[in-house]
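Here's the structure we're looking at; comments come further down.
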Number of protein chains: 2
Amino acid sequence: MTRRTTPGSRLPRAAAPYARIKQHLKNELSRGRWPPGEAMPSDAELVAQFRVSRMTVTRALNELRAEGLIERVQGVGTFAAHLARVASQLRIRDLHEEILARGHRHRARVHLARAEAASEGVARSLGLTVGAQVFHTLIVHFEDDVALQCEDRHVNPASAPDYLGCDFTRITPTQYLLQVAPLWEARYSIEAALPSAREARLLGIGRGDPCLVVQRRTVGNGRPITTARLVHPGARYLLQGEFKP
Amino acid sequence: MTRRTTPGSRLPRAAAPYARIKQHLKNELSRGRWPPGEAMPSDAELVAQFRVSRMTVTRALNELRAEGLIERVQGVGTFAAHLARVASQLRIRDLHEEILARGHRHRARVHLARAEAASEGVARSLGLTVGAQVFHTLIVHFEDDVALQCEDRHVNPASAPDYLGCDFTRITPTQYLLQVAPLWEARYSIEAALPSAREARLLGIGRGDPCLVVQRRTVGNGRPITTARLVHPGARYLLQGEFKP
DNA sequence: CAGTGGTCTAGACCACATA
DNA sequence: ATGTGGTCTAGACCACTGT
């Protein structure tokens with residue numbers, strides 16, 4: 001019931017109790033107290049230590065867990081996470097957004113946009129039968145007239161029946177598909193490879209120039225939506241990201 | 001006060017109310033109700049609709065926000081997120097863990113481990129003065145005798161004074177540094193490039209073979225810890241990850 | 001001002017693990 | 001039986017935004 005906030009004073013507002021608990025545990029963890037896997041204070045102990053209700057402790061601990069710093073097991077306790085096993089998170093920005101963020105102009109050139117019969121590989125990754133209809137686009141994306149990405153994409157017609165009706169010089173396939181199917185899961189793989197002859201030609205690079213190749217498969221509501229092969233000239237494109245525990 | 005859980009029966013336990021609210025909103029979002037930026041139901045409306053207390057609604061909404069699906073603004077309301085602007089999250093696993101997970105053996109060959117005077121570039125990224133002492137290791141990592149990564153690393157002595165005392169055939173630099181400084185932030189960049197002559201030799205590949213090059217800079221407690229250049233043969237290495245909203 | 005989200009409390013019942 | 005975390009309630013006060 002007690003309220004600890006400063007009264008009429010103009011002091012900087014005190015940090016929220018849940019945030020203080022969280023920061024305290026973060027500090028102790030960063031100092032190496034509680035090696036990975038070791039038991040940390042229980043909810044009850046933190047309630048007593050910080051003179052706070054249990055919901056407040058729970059919130060701090062749940063957020064730490066969401067950040068991967070601790071593990072909680074019902075009936076057992078709270079433990080420091082095995083950080084080496086914590087995967088880093090790399091943030092990948094949409095190419096269109098990235099170009100705009102740099103204050104440049106994004107242009108797209110559509111080299112192909114048609115319905116085709118699904119090959120075996122495409123059918124498998126989109127959950128279709130071989131020979132079924134599939135939409136296929138091949139688009140090169142430019143940043144101020146510099147080719148940055150060659151996007152070879154196949155789309156499941158069941159997920160986006162009007163896909164081919166879009167003007168892809170005005171809206172990117174990614175943007176359109178996000179409208180049609182707002183939520184999805186994606187699986188990525190990223191590798192370095194040499195471009196195919198056609199990709200080299202479309203990107204205006206040599207066949208020996210290394211490229212960053214991103215393969216992405218997207219599933220929404222349990223239904224495969226699209227697969228894409230995104231080829232970027234290595235000398236022009238950089239994936240960037242950060243990891244914050 | 002009312003408890004809705006099934007009594008003595010052995011029915012599958014009902015989903016937690018906060019989880020039901022969360023799932024309901026997720027479903028509606030995925031169906032395209034509330035286009036990006038549009039106002040969603042307020043806390044009070046959800047309280048009335050689901051007959052739960054406000055804490056329960058708050059939890060569901062806070063988790064959706066943490067997942068990047070909604071935005072909440074104090075004094076204004078709750079809104080559907082602009083998904084196109086939501087960056088994808090790519091999970092990067094530690095190489096050592098990845099090799100073990102595949103059931104293979106990890107071997108490391110140390111080609112260099114010594115203290116050096118910091119060059120200008122190294123000094124800048126580690127926050128040192130040019131010519132100051134810096135630790136430098138060059139290690140090649142193998143998965144069952146196949147070279148997978150060439151790790152060229154510089155370490156700030158202030159963050160890990162005993163770094164050079166490690167046996168890097170038994171513990172990876174990453175593992176050791178995680179022990180010494182358990183929490184950190186990292187900035188990545190990933191690009192495709194050709195290996196240097198030395199890297200090609202150490203990895204046993206040709207100079208024309210494209211490589212995935214990861215640059216990583218790590219900072220802990222506000223102090224730079226280490227920078228690393230990780231070179232992977234493109235034909236042997238694949239970064240994989242997934243994104244789940 | 002009314003309406004919104006941000007946070008907290010002092011309980012409570014539950015499922016689960018261990019002994 | 002005890003102790004752990006998981007979840008929920010019915011309030012409450014606060015800060016902020018817009019009218």
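Order of the sequence lines fixes the chain letters, A, B, ..., with proteins taken first and strands second; residue numbering starts at 1 for each chain.
- Ranking D:dT7, C:dT4, C:dC8 by closeness to the B:Pro17 side chain, first place goes to D:dT7.
- Under the 3.5 Å distance criterion, with hydrogens and angles disregarded, no donor-acceptor pair is assigned to the side chains of B:Tyr163 and B:Thr226.
- Side-chain N/O atoms of A:Arg65 and base N/O atoms of D:dG5 include no donor-acceptor pair closer than 3.5 Å.
- Within the structure, a side-chain polar atom (N or O) of B:Arg59 is placed less than 4.0 Å from OP1 or OP2 of D:dT7.
- Using a 4.0 Å cut-off, some side-chain N or O of A:Thr56 falls inside it from OP1 or OP2 of C:dT9.
- Residue B:Ser42 places at least one side-chain N or O closer than 4.0 Å to OP1 or OP2 of C:dT4.
- Put simply, CZ on B:Arg54 is 14 Å from P on D:dC13, counting in whole angstrom units.
- Panel note: side chain A:Arg72, backbone A:Arg65; no donor-acceptor pair is recorded below 3.5 Å.
- Distance CG (A:Leu46) to P (C:dT9): 13 Å, rounded to an integer number of Å.
- The closest side-chain donor-acceptor pair between A:Asn62 and A:Arg59, if any, does not fall under 3.5 angstrom.
- Computed from coordinates, the B:Met55 CE to D:dT7 C1' distance equals 10 Å when rounded to whole Å.
- One atom, CZ of A:Arg20, and another, C1' of C:dG6, lie 17 Å apart when rounded to the nearest Å.
- Protein atom CE of A:Met40 is 21 Å distant from nucleotide atom P of D:dG3, rounded to whole Å.
- The salt bridge (Lys or Arg N to Asp or Glu O under 4.0 Å) contacts involving residues 155-184 of chain B comprise nothing, where partners must be two or more places apart or lie in separate chains.
- Separating the CD atom of B:Glu45 from the P atom of C:dG3 is a distance of 11 Å, rounded to the nearest angstrom.
- Taking 4.0 angstrom as the limit, B:Arg72 places a side-chain polar atom (N or O) nearer than this to OP1 or OP2 of C:dG6.
- B:Glu45 places a side-chain N or O within donor-acceptor distance of the main-chain N or O of B:Ser42, the cut-off being under 3.5 Å.
- Contact record, A:Pro41 with A:Thr78: O-CB, 4.2 Å, taken as the closest heavy-atom pair.
- Open room surrounds CZ on B:Arg31; 12 or fewer heavy atoms of other groups in view lie less than 6.0 Å from it.
- Take the nearest nucleotide of DNA chain C for B:Asp43 and for A:Tyr18: the residue whose nucleotide is more 5' is B:Asp43.
- At C:dG5, none of the side-chain N or O atoms of B:Thr58 fall inside 4.0 Å of OP1 or OP2 (strictly under the cut-off).
- Whole-Å rounding puts the B:Glu71 CD to C:dT4 P distance at 18 Å.
- Between A:Ala19 and A:Gln74, the one whose closest nucleotide on DNA chain C sits nearer the 5' end is A:Ala19.
- Axis orientation changes by 10° from one end of the helix from C:dC1-D:dG18 to C:dT18-D:dA1 to the other, with each end axis drawn from 5 pairs and the value rounded to 10°.
- Following rounding to the nearest Å, A:Asn62 (CG) and D:dG6 (P) show an atom-to-atom distance of 6 Å.
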